[in-house]
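Protein chains get the first letters and strands the later ones, always in sequence-line order, with residue 1 at the start of each.
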Amino acid sequence: MPTPLALRPLRRAVALTALLPLGAVAADGATSPQVVTHYADLAQATFQDALTAARTLDARLDELLEAPTAETLAAARQAWRRARVPYQQSEAFRFGNPVVDDWEGQLNAWPLDEGLIDYVAASDYQHELGNAGATANLVASTSLEIGGETLDVSELTPELLADLNEIGGSEANVATGYHAIEFLLWGQDRHGFEAGNGERPVSDYLTGEACTHGHCDRRRDYLDAVSDLLVSDLAWMANQWAPGQDDNYRQALLAEPASEGLRRMLFGMGSLSLGELAGERMKVALAANSVEDEHDCFSDNTHNSHFYNGQGIQNVYTGNYERLDGSTLSGPSLSDLVAAEDAELDATLSAQLEATMGELGELKQAAEADSSPMTFDMMIAPGNDTGAALINDAILALVNQTGSIERVAGTLGVTHLQPDDAGHRF
Amino acid sequence: MPYRPLIQRLGRLGLAALTLAGSPLLAEDSADARARWHQAIGDRYALLAEAGARLETSAHAYCEAPGREHRARLEDDWLDAYQAWQAVRFVDFGPIEQRSRAWQLQFWPDTKNLVGRKVQAWLRADTPPSIEAIADGSVAVQGFPALEYLLFDEHLASSEALAAPQACGLLQSVSGHLADTGAALVRDWQAFGDHYRGTDSYTAATLQAGLQTLESLEDKRLAEPLGMAGPPANGYRAEAWRSGRSVRLIAASLAGLQDSFLPGLRPLLAEGGQAELADDFAATLDAARQRATAMAPGLAPSLDDPEAFAELQGLYVEIGQLSWLGQRIAGQLGLVSGFNASDGD
């Protein structure tokens, strides 16, 4: 909105400079606007890498559909795991930036009632109570009755699948995104707390007589469509953060006062640390011994999803991001700003972020050990004290860093961390 | 545009935590408010422990001589104890934080029926669990919802089902664990007293706990099951849907806020010259409690009954009013937001 001051740009600039808090200029010269700009660069690079990895996944999926063999299935699964690395780091940009938070459900919603998508073993399937779409099985059906409506789902297009998300009002109706692809690649994990993940046979993608579990043609169409949607969604998001455009989110964010950018950065770090990662993704699953609350429950890749969530939070603070190609992106950081204002606080939070990565690293090591690996769904088994300790240590580390993130907000003069102010202004 | 904006999930983001940051009003000594709160909350924990002990006794009596009378007593004692928990459930700091005790007492929300599956797993086992086995197991089977499953779920609808050795053994162990939890809370709350009374930041934490409970009553316990949060109505989203006692629990929560939240809130507001706001809040709280107490006990059964649904809407509006007063109180007392465990999605 134009203000009277906009008519006198020079005076306005002078006035704003006078209003900047002391901490806005770090010892090495980093300013708040530079830090927010670099944050946008980090987001752009992270989403760009997520897009690159999703394109590779898409190519592996095409190869799987071209020639369904154990090898092409294994390659597709590996590409999916790789695709999670940048994406999970990008979740540090989710809370606080409405453009991401409003969009991400189509990519990473969970837990899902996978019976919406394809066949499930009823004995190992518990869907959300009252969810009318929970056993719709889109692969096996050409029409879907829900909420008194009949929908034509004969042609499985990216647009149709996107429209089916949250159909009937249930968040568990997830038709798209990483976890839908994960389910289509692995199938249900029927091992409970024991070793082992989903064992979908590659013959689920064979045509003709060799097809297992029926409707392979539609399953193939589904996988193809859902992968295309993932790629186009990520391309859209990478573009939202790209420089040199006058009508995207980056431009809108950078037009805000820098203090608003700092608020979104800290809000994203804190929300992912505490409520989402420590709370929803770890504590619920552990305290209830609930494999339904495991994040990557089909593939048992949960330890990596958690690890790279933690990495994403650290990236936002340090301003560093290790890209898919191994290069490192660095620039003016929150850490620089805090160090100029309160060096001890900066040292504390830096150490806490590092400690969290250590704890999440232990989770990852345990899950990927050569002998007797312990995946996340084994860690949460009743009576597994070792597993519980691994998870509890990680939770505690995340709780600790969140306390310091709040202190940083205070130090930088960021006062409104509540979700309701997180926006929907864009 | 290659994406479709999804339904906003503000409801699931929950109320932001409110923490004290250099508030002009709370900078005053608020030890008096904390002393009152400590006493009032301690009284409520004592009631929970007593009700838990009665419930355990009733469970034993029923299993020794299953019959209509013992069964009715058991159901009454279950509801009494569950309500005693609601009354003090707003306290989310101190001993309740240890070992996920709040979830131990009530694992909720439970959209994927974990309670039912964990109870069923025990019912299929060869021998009933000991109290220790319950204490070491999933929070989903440690509390009131697990007992509710045993008492009210359709899987145990026949009159003899609960009297079977496996079911009765489970009933007694879960009741015993609940009673233990109640007793431990009483002890630990007393031991926590000096620290609580002597630590200024607990003033904000207690205010936050009470005010956040109003938000959760409005958004999670009413709007979601009633279909006022976006998605259509879904009775399974209500607490205590199996027994049809959702509104009784809400009434008990409101009564608990009256008895153990108001005592510290009033002097704080009065000191800040806001006695009138305190009166408004107390009056609205009392009206909401009276309304809830007079209503039909369940929520889900009222979804298809226009008259009963209108009653629920009235309660929802009244609690919304309370919640709004709560936000004004937060503003007056200078509470600012921070992160809390419900920030995720």
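Taking every heavy atom of both residues into account, Ala288(A) and Lys118(B) meet most closely at O-CE, 3.4 Å. Closest approach of Leu129(A) and Asp110(B) over heavy atoms only: CD1-O, 4.1 Å. Nearest approach of Gly168(A) to Pro232(B), heavy atoms of both residues: O-CG, 3.4 Å.
Using a distance-only test at 3.5 Å, with no hydrogens or angles considered, no donor-acceptor pair links the side chain of Asn234(B) to the main chain of Ser170(A).
Annotation: maximal heavy-atom pairing with chain B below 4.5 Å, among Asn392(A), Leu272(A), Asp113(A), Asn131(A), occurs at Asp113(A).
Within 6.0 Å of the CD atom in Gln98(B), the count of heavy atoms belonging to other residues, nucleotides or ligands exceeds 12.
Contact annotation: the side chain of Tyr236(B) never approaches that of Glu128(A) to less than 4.5 Å [non-hydrogen atoms, C-beta and beyond].
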Report the C-alpha distance between Asp293(A) and Lys112(B) in whole Å, list the side-chain angles of each, state the deciding distance to 0.1 Å, and finish with yes or no for salt bridge (charged side-chain N to carboxylate O under 4.0 Å, His left out). CA-CA 9 Å; Asp293(A) 290 288; Lys112(B) 286 210 170 191; over 6 Å; no
Going through the distances and angles, do Leu114(B) and Gln126(A) end up as a side chain to side chain contact (heavy atoms under 4.5 Å, CB included)? CA-CA 8 Å; Leu114(B) 202 58; Gln126(A) 174 64 54; over 6 Å; no
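For a residue to count as touching a neighbouring chain, one of its non-hydrogen atoms must lie under 4.5 Å from one of that chain's; by this rule Val284(A) touches chain B with backbone and side chain alike.
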